[in-house]
Asker: 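This is the structure I want to talk about, given as structure tokens.
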Amino acid sequence: QNIEIGVCKMEVMKAAVFTDVGKIEIKEIEKPVPQKGEVLVRIKACALCTWEQRIFKGVSRVPFPYIGGHEISGVIEEIGENVDEQRWKVGQKVAIRILRSCGECHYCRTGANNLCEMIGKEGEELRLPYPGLGGLSEYLVVPPTKLFKLANDIPFEIGALSEPLACVIHSVERANIELGDDVVIIGAGVMGLLHVMIAKIRGARVIVSEINAERQKLAKQLGADEIINPLEKDPVEEVKKLTEGRGADVVINTTPVSKVAETTVQIAGKRGRVIFYSSQHPDYPIQISPDWIHRSEIVITGSVSPDITDFYRATKLLSSKIVNPQLLISEIVPFEKIEEAFRKATDPQNYRIVVQL
């Protein structure tokens with residue numbers, strides 16, 4: 001669509017814009033034009049991440065109006081000057097790593113580009129009229145460094161899960177899961193179940209702690225070896241029974257509950273690796289014995305956002321169909337029903353809701 005301004009015509013596109021808590025509207029904004037060294041991508045699918053769900057519910061605060069969306073896939077529509085046209089072609093399916101990596105800050109130059117000091121300033125880089133990550137818009141212009149090829153035969157909704165899969169790969173790398181490890185994954189939501197799938201690829205025995213019966217079943221279907229319901233049995237004692245009293249080699253907490261975080265640490269055995277994968281809401285301090293950390297050589301760390309290598313591996317796993325997260329998509333909702341999509345996404349009975357643009 002074109003809007004005539006004087007003698008000039010400005011092309012417009014649609015974008016879903018958060019205007020208040022629980023309120024998201026489809027607005028027309030200027031369609032970007034790829035400049036030198038940029039690629040125009042037509043966004044085809046955007047999965048609604050827990051973070052955007054928290055914005056919708058008012059748990060996470062952002063400046064309104066705001067364009068969310070970062071679990072995205074699409075197709076290259078136009079290539080700007082000075083872009084390698086042997087590598088990037090019109091019609092190629094791609095996933096986009098929206099997170100900014102400036103390449104100049106301390107963290108980028110020490111190999112931790114997922115902690116880049118410019119993260120959070122993506123809206124300015126993407127030339128959007130509002131702040132945000134921009135995935136809930138029809139088009140984005142990005143440099144090719146943000147693009148990752150997808151096999152052209154996989155659905156866009158699967159490609160949109162490149163980003164959450166990359167987050168999980170980063171977590172598993174932080175955990176250093178090795179062949180034969182006993183790995184406990186707390187929570188069998190989308191991220192917990194992706195952890196199950198990747199941990200099995202790494203050759204681990206996977207123990208899932210989950211209270212919901214349906215999620216327990218899906219965890220088993222996706223490869224979990226053991227299931228613990230923490231409302232029925234003490235997970236610390238149950239893991240000890242399963243590991244000859246040692247405790248787990250790896251424990252990954254994918255829940256946002258601080259009290260569960262305390263249990264997470266207690267499940268680990270000597271030299272165990274504990275990963276706090278999820279952000280905490282609300283964030284309450286927990287009690288940990290420093291002397292026990294000293295005596296057990298336990299490693300306690302976090303995992304936040306994927307780096308470039310994680311994202312590349314995620315798109316390769318999806319494209320080669322080594323990982324198939326189809327069962328984690330509860331529904332595909334048309335872009336025009338964006339508010340309905342968010343209401344469904346915030347329903348705890350659902351896994352990922354994907355918006356089709």
Side-chain angles (χ1 to χ4, degrees), residues 3 10-35 37-74 94-105 107-108 113-143 145-147 160 162-164 166-167 279 281 283 304-308 311 335 338-339 341-343 345-346 353-355 357:
I3 294 179
M10 179 184 73
E11 286 194 71
V12 297
M13 66 176 181
K14 293 178 181 179
V17 182
F18 289 103
T19 55
D20 206 339
V21 174
K23 186 70 174 175
I24 185 166
E25 301 175 14
I26 295 179
K27 294 181 177 290
E28 287 189 342
I29 62 175
E30 184 177 357
K31 178 184 174 183
V33 177
Q35 298 178 0
E38 292 182 333
V39 175
L40 178 69
V41 178
R42 172 72 166 93
I43 305 302
K44 302 293 284 186
C46 179
L48 301 183
C49 173
T50 308
W51 185 71
E52 273 98 14
Q53 295 173 36
R54 292 189 185 118
I55 294 173
F56 187 73
K57 293 189 292 185
V59 176
S60 295
R61 298 291 181 177
V62 297
F64 295 125
Y66 187 90
I67 303 177
H70 64 280
E71 297 182 357
I72 51 179
S73 68
V94 291
I96 304 176
R97 180 180 180 266
I98 289 294
L99 280 180
R100 193 167 180 179
S101 298
C102 69
E104 299 177 321
C105 71
Y107 300 103
C108 283
N113 54 68
N114 62 309
L115 300 176
C116 176
E117 292 174 358
M118 299 304 292
I119 288 175
K121 302 177 182 178
E122 288 81 8
E124 180 180 332
E125 184 191 33
L126 294 167
R127 302 203 309 275
L128 297 168
Y130 308 117
L133 299 170
L136 283 169
S137 56
E138 290 183 303
Y139 295 90
L140 282 178
V141 287
V142 294
T145 52
K146 290 185 177 293
L147 297 180
S162 296
E163 197 276 346
C167 288
S279 56
H281 302 276
D283 181 20
V304 58
S305 304
D307 65 25
I308 292 169
F311 215 104
F335 186 51
I338 186 67
E339 275 200 11
F342 268 96
R343 286 193 291 271
T346 54
I353 299 297
V354 177
V355 175
L357 284 84

Asker: Where the side chain of K14 meets the backbone of L136, is there a donor-acceptor pair that is under 3.5 Å apart?
Answerer: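 Checking the backbone N and O of L136 against the side chain of K14, no donor-acceptor pair under 3.5 Å is found.
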Asker: Hey, does I55 have a side-chain heavy atom less than 4.5 Å from the side chain of S60?
Answerer: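 Yes; the side chains approach each other to less than 4.5 Å.
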Asker: Rounded to the nearest 0.5 Å, what separation is found between the CG atom of L140 and the CZ atom of R42?
Answerer: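 The distance works out to 11.0 Å.
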Asker: Any side-chain to backbone donor/acceptor pair from S101 onto G103? Under 3.5 Å, distance only.
Answerer: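 No, S101 side chain to G103 backbone: no donor-acceptor pair under 3.5 Å.
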Asker: Between atom CG of D307 and atom OH of Y107, what is the distance when rounded to the nearest 0.5 Å?
Answerer: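 If we round to the nearest 0.5 Å, D307:CG and Y107:OH are 15.5 Å apart.
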Asker: Just by modelled atom types, is the S73 backbone N or O under 3.5 Å from a matching donor or acceptor in the K44 side chain?
Answerer: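 Here the side-chain-to-backbone pair does not exist.
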Asker: Side-chain contact, heavy-atom cut-off 4.5 Å: L133 with I67?
Answerer: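 Counting from C-beta outward, L133 and I67 never come under 4.5 Å.
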Asker: How about Y130 and I29: do any of their side-chain heavy atoms sit closer than 4.5 Å?
Answerer: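 Yes - at least one pair of side-chain heavy atoms lies under 4.5 Å apart.
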Asker: Mind checking salt bridge (Lys or Arg N to Asp or Glu O under 4.0 Å) for E104 and listing every partner two or more places apart, or none if nothing turns up?
Answerer: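 Not a single residue meets the salt bridge (Lys or Arg N to Asp or Glu O under 4.0 Å) criterion with E104.
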Asker: State, with a plain yes or no, whether a side-chain heavy atom of V21 is found less than 4.5 Å away from one of F64.
Answerer: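 Result yes, sub-4.5 Å side-chain heavy-atom pair found.
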Asker: Got R54 and S279 here, is their nearest side-chain heavy-atom distance under 4.5 Å?
Answerer: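 In short, these two side chains touch, coming nearer than 4.5 Å.
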Asker: Hey, could you give me the CG/SG distance between N113 and C102, rounded to the nearest 0.5 Å?
Answerer: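 Here the interatomic distance stands at 9.5 Å.
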Asker: For the residue pair V141 and Q35, establish whether any side-chain heavy-atom pair is separated by less than 4.5 Å.
Answerer: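 When only atoms from C-beta onward are counted, Q35 and V141 do not touch, as no gap falls below 4.5 Å.
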Asker: Between the side chain of E339 and the main-chain N/O of I24, is any donor-acceptor distance below 3.5 Å?
Answerer: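 Yes.
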Asker: For N114 and V304, indicate whether the former's side chain and the latter's backbone hold a donor-acceptor pair under 3.5 Å.
Answerer: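 Looks like yes, one N/O pair under 3.5 Å.
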Asker: Report the distance from atom CD1 of I43 to atom CG of L357, rounding to the nearest 0.5 Å.
Answerer: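 It comes to 7.5 Å.
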Asker: With rounding to the nearest 0.5 Å, note down the distance linking CG in L48 to NE2 in H70.
Answerer: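 It comes to 10.0 Å.
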Asker: Do the non-hydrogen side-chain atoms of R97 and S162 ever get within less than 4.5 Å of each other?
Answerer: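 No, every pair of side-chain atoms sits at 4.5 Å or beyond.
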Asker: Given side chains that start at C-beta, do those of K31 and L40 come closer than 4.5 Å, heavy atoms only?
Answerer: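 Result yes, sub-4.5 Å side-chain heavy-atom pair found.
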Asker: Which residues satisfy the salt bridge (Lys or Arg N to Asp or Glu O under 4.0 Å) test with E163, sequence neighbours excluded?
Answerer: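 With sequence neighbours excluded, E163 shows a salt bridge (Lys or Arg N to Asp or Glu O under 4.0 Å) to no residue whatsoever.
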Asker: When rounded to the nearest 0.5 angstrom, what distance separates CZ in F56 from CG in D20?
Answerer: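 The CG atom of D20 is 10.5 Å from CZ of F56, to the nearest 0.5 Å.
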